[in-house]
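Here's the structure, in structure tokens; my notes come after.
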Amino acid sequence: MSVSSPHLLSGLNAEQLAAVTLEPRHALILAGAGSGKTRVLTTRIAWLLAQGLAGPHNILAVTFTNKAAKEMLARLSAMLPVNTRSMWIGTFHGLCNRLLRAHHREAGLPQMFQILDQSDQLSAIKRLLKSLNVDDEKFPPRDLQHFINAHKEQGERPAAVEAWDDYSRKRVELYAAYEQQCQREGVVDFAELLLRSFELLERNEPVRNHYQQRFRHILVDEFQDTNKLQYRWLKLLSDGGAGAAVFAVGDDDQSIYAFRGADVGNMHAFEREFAVPEVIRLEQNYRSQGNILDAANAIIKHNETRLGKNLWTEAGSGEPLCVFEAASDLEEARWIVEEIRALMRDGRARSEIALLYRSNAQSRVLEHALFSAGLPYRVYGGLRFFERQEIKHALAYLRLLANPDDDTAFARVVNFPTRGIGARSLEQLADAARLHQCSLHQAIVHLAGKAQSVLQNFSGLLDRMREGAAGLPLPEVIDHVVELSGLREHYRNDREGQDRLANLDELVTAAASFVAEEDRRPIAADDDAAAADEGELIAFLTHAALEAGDHQAEDGDDAVQLMTVHAAKGLEFNIVFISGLEEGLFPHENALLETRGVEEERRLMYVAVTRARQRLYLSFAQTRMLHGQTRYNIVSRFLDEIPQPLLKWLTPQLRNAGSAYAFGAARNGSYGNDTRKAEIAALQRDEPSGFAVGQSVMHDKFGRGVIINAEGSGQDARVQVNFTHAGSKWLALAVAKLTPA
DNA sequence: CCAGTTTACCTTTTT
DNA sequence: GGTAAACTGG
């Protein structure tokens with residue numbers, strides 16, 4: 001390895017170079033979209049190694065996605081020959097898991113602890129509520145799950161949570177009970193991985209000292225997405241800033257995970273608490289044409305709380321952004337398909353094109369249109385491989401092999417496929433378990449009568465599985481379990497079970513390639529205490545929980561890419577469509593209620609816009625089917641925030657010329673039947689005083705809006721209006737001064 | 001007492 | 001449109 005490696009640094013601009021070659025000290029890099037962030041991060045690591053400022057084992061690099069971690073590793077090994085295995089590179093959850101496996105005893109966990117993903121966590125909570133006879137109407141499991149996770153992410157155990165009334169006291173009590181249940185079953189949820197390893201470092205001085213001395217350089221990707229606990233974890237590991245040099249890369253404008261506890265405030269806190277000497281801004285964008293960047297800059301300027309940054313490019317302005325107003329979501333989808341066809345006639349590949357939307361529910365219409373047109377497409381999102389029910393069932397059996405006391409897994413498959421163990425027997429079992437303070441599996445011996453015999457049969461099945469699996473390689477273990485459990489038989493008899501059968505086979509294949517991968521890069525004899533001797537099965541189950549799989553999109557074929565804006569973060573495409581630019585959808589209505597909610601939505605829009613290299617299409621629809629009912633939306637404020645000269649309207653701008661209702665009709669049916677249907681429905685409802693659902697109206701105080709609902713007649717007539725800036729309101733027509741806009 | 005059928009409910013984003 | 005709880009028949 002050369003002492004100075006000019007080739008490493010060639011092609012970097014001045015700011016990138018400054019960031020990469022900073023002397024070892026704390027640094028905050030504000031890296032705008034498309035500014036070469038990942039390159040800076042990986043080159044920084046390579047530079048530290050090449051300069052001899054650190055050995056591989058001194059490096060800890062943390063990312064948010066497995067994908068980012070893999071990419072970093074791949075790029076790094078391409079840059080210089082290095083034993084990446086002795087570096088700690090991974091997601092927060094992955095690294096915490098590694099820490100806890102190595103120190104499970106000190107952390108108070110069984111060696112074989114299992115990881116609950118969120119759906120496992122939810123069912124664990126439901127089971128808990130049932131066993132404590134808690135009314136799940138009063139304490140909805142989802143709320144409780146959010147409550148528990150939010151507190152864990154703040155670093156708060158039940159004892160630290162403030163309770164001021166009976167209700168909050170009860171919730172804290174349930175939080176405590178949930179912890180006990182997890183501890184008894186030997187399982188940890190996602191947030192627990194973080195909190196437990198934080199507490200391990202905090203309380204165990206030898207362990208803390210060991211890692212503080214080992215890691216001299218901590219590099220953090222997507223720093224704006226860290227939550228409070230992750231920040232404290234980093235701070236602890238760097239000995240409050242006195243130890244490892246922390247190199248944090250982030251973009252406050254791309255912070256889009258506040259909803260799950262991410263705290264942009266960490267960037268300010270880091271600057272202050274670590275006394276970061278200087279902040280380096282990467283503002284040159286290598287991705288997008290000028291007009292696209294101008295639009296992105298114009299949008300994000302509307303946010304008040306920013307560290308401040310303005311992207312620029314040496315590329316030309318490029319094309320204007322194309323805007324399309326559709327009569328309906330179906331129309332929007334049809335237009336997108338037409339446009340894609342035109343692009344392909346121009347010689348564009350489908351894989352250059354991405355369709356972005358705010359929420360997954362929007363993909364269906366787009367998929368339908370693409371499918372009907374025979375255009376290949378790939379959807380990112382939705383169910384991932386390890387989240388499919390047949391896979392989760394198979395994994396549950398595997399978990400029971402490793403740990404029969406895993407009640408979540410037990411409850412999941414005890415009667416699946418059905419084997420005559422009904423609700424009644426399970427109730428008795430749960431009662432016995434509570435009475436004896438033991439797991440469901442252990443409670444079987446305390447039963448009597450029929451319940452005991454059927455459950456002992458099940459227990460015997462598990463024993464036979466374990467015996468049959470002994471000594472087999474992992475893929476064969478899985479195959480054996482799938483067979484013996486009756487899962488294969490069950491899906492064979494199910495008319496719609498063919499895909500599921502194929503997935504179960506795929507699980508065996510996945511295990512085979514997982515084992516092969518592990519063999520190629522064996523966990524090197526780590527200098528850490530008790531190098532995790534987890535065994536293939538535990539490693540595979542951990543892999544399944546932490547990396548739920550590639551969002552089910554097959555590689556290879558040339559296909560249009562469909563995904564949510566969140567999923568698109570970090571990606572780039574030559575041509576991007578952002579669809580559904582409507583108030584209530586994007587920005588999402590739920591976000592309007594939250595403080596700073598609109599700002600987060602705006603950052604989301606900023607992320608969406610900056611995905612495009614050459615061409616950006618923006619579209620919205622007047623009516624949209626959502627959750628089975630038609631909604632009448634007005635154009636998103638974000639579209640209004642883009643300067644008009646950057647835009648090219650593909651549809652006439654009639655927005656002030658009449659109601660949505662009127663111009664749907666004016667288009668003379670050429671835009672499909674959807675607007676007509678809305679029209680007819682409105683007429684049939686005998687709307688009062690000449691107002692119709694879907695019509696644009698003006699109000700002295702609230703401004704412009706669209707009527708989305710109506711009821712009553714005469715003096716009692718009321719309409720619900722969705723105002724651009726004031727939100728949705730019910731107004732009595734006799735009182736409110738509404739005028740057609 | 002269990003198993004298949006119907007109904008209800010939900011969906012903003014996810015490691 | 002898809003799953004999980006409630007229902008009802010065997």
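Computed from heavy atoms alone, side chains included, the values below leave out hydrogens, waters and symmetry copies. So you know, we letter chains A, B, ... as the sequences are listed, proteins then strands, and number each from 1.
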ring centroid sep under 5.5 Å plus plane angle under 30, A/F64 with B/dT15: no
Between NE2 of A/H566 and C1' of B/dT13 the distance, given in whole Å, is 4 Å
Rounded to whole Å, CZ of A/F259 lies from P of B/dT13 at a distance of 8 Å
Output every pair passing salt bridge (charged side-chain N to carboxylate O under 4.0 Å, His left out) with a member in residues 602-611 of chain A, not counting sequence neighbours, ordered by first then second residue. A/E600-A/R603, A/R602-A/E641
Just how far, in rounded Å, is P of B/dG4 from CZ of A/R419? 13 Å
Do the non-hydrogen side-chain atoms of A/F270 and A/V246 ever get within less than 4.5 Å of each other? yes
If you check the A/T418 side chain, which of B/dG4, B/dT15, B/dT11 turns out closest? B/dG4
Side chain of A/K126 (C-beta onward), nearest among C/dA4, B/dC1, B/dC2: C/dA4
Select from A/R424 and A/I256 the residue whose nearest nucleotide in DNA chain B is closer to the 5' end of that strand. A/R424
Looking at A/D221 and A/K37, does any basic side-chain N land under 4.0 Å from a carboxylate oxygen? yes
Rounded to whole Å, the NZ-P distance (A/K67 to B/dT15) equals 11 Å
Roughly how many Å is it from NZ in A/K392 to P in C/dA4, rounded to a whole number? 10 Å
Any side-chain N or O of A/S119 under 4.0 Å from OP1/OP2 of C/dT3? no
Nucleotide of B/dT15, B/dT14, B/dT11 approaching A/R142 most closely (side-chain heavy atoms): B/dT11
Does a side-chain N-to-carboxylate-O contact under 4.0 Å join A/E192 and A/R157? yes
Taking for each residue the nucleotide of DNA chain C with the nearest heavy atom, is it A/K130 or A/R364 whose nucleotide lies nearer the 5' end? A/R364
Can you check the A/D225 CG to B/dT15 P distance for me, whole Å? 11 Å
DNA chain B: 5'-proximal contact among A/Q118 and A/S359 (nearest heavy atom): A/S359
In whole Å, what is the span from the NZ atom of A/K569 to the P atom of B/dT13? 16 Å
Using a cut-off of less than 4.0 Å, is there contact between a side-chain N or O of A/N415 and OP1 or OP2 of B/dA3? yes
Using a 4.0 Å heavy-atom cut-off, does A/E589 contact any base of the nucleic acid, only the sugar-phosphate backbone, or nothing at all? nothing
So that I can tick it off, tell me whether A/K228 and A/E153 are bridged by a salt bridge, with the cut-off set at under 4.0 angstrom between side-chain N and carboxylate O. no
Using a 4.0 Å heavy-atom cut-off across all strands, classify A/D117 as base, sugar-phosphate, or nothing. nothing
Could you tell me how far apart A/R603 (CZ) and B/dT13 (P) are, to the nearest whole angstrom? 18 Å
Could you check which of B/dT13, B/dC1, B/dT15 has an atom nearest any side-chain atom of A/Q428? B/dC1
Applying salt bridge (Lys or Arg N to Asp or Glu O under 4.0 Å), name anything that partners A/E71, two or more places apart in sequence or on another chain. A/R75
Counting only side-chain N and O atoms of A/S425, is one of them less than 4.0 Å from OP1 or OP2 of B/dC2? yes
Remember a base hit wins even if backbone is also touched, and classify A/R260 as base, sugar-phosphate or nothing at under 4.0 Å, heavy atoms. base
Within the 4.0 Å heavy-atom criterion, would you say A/N360 contacts the bases, only the backbone, or no part of the nucleic acid? sugar-phosphate
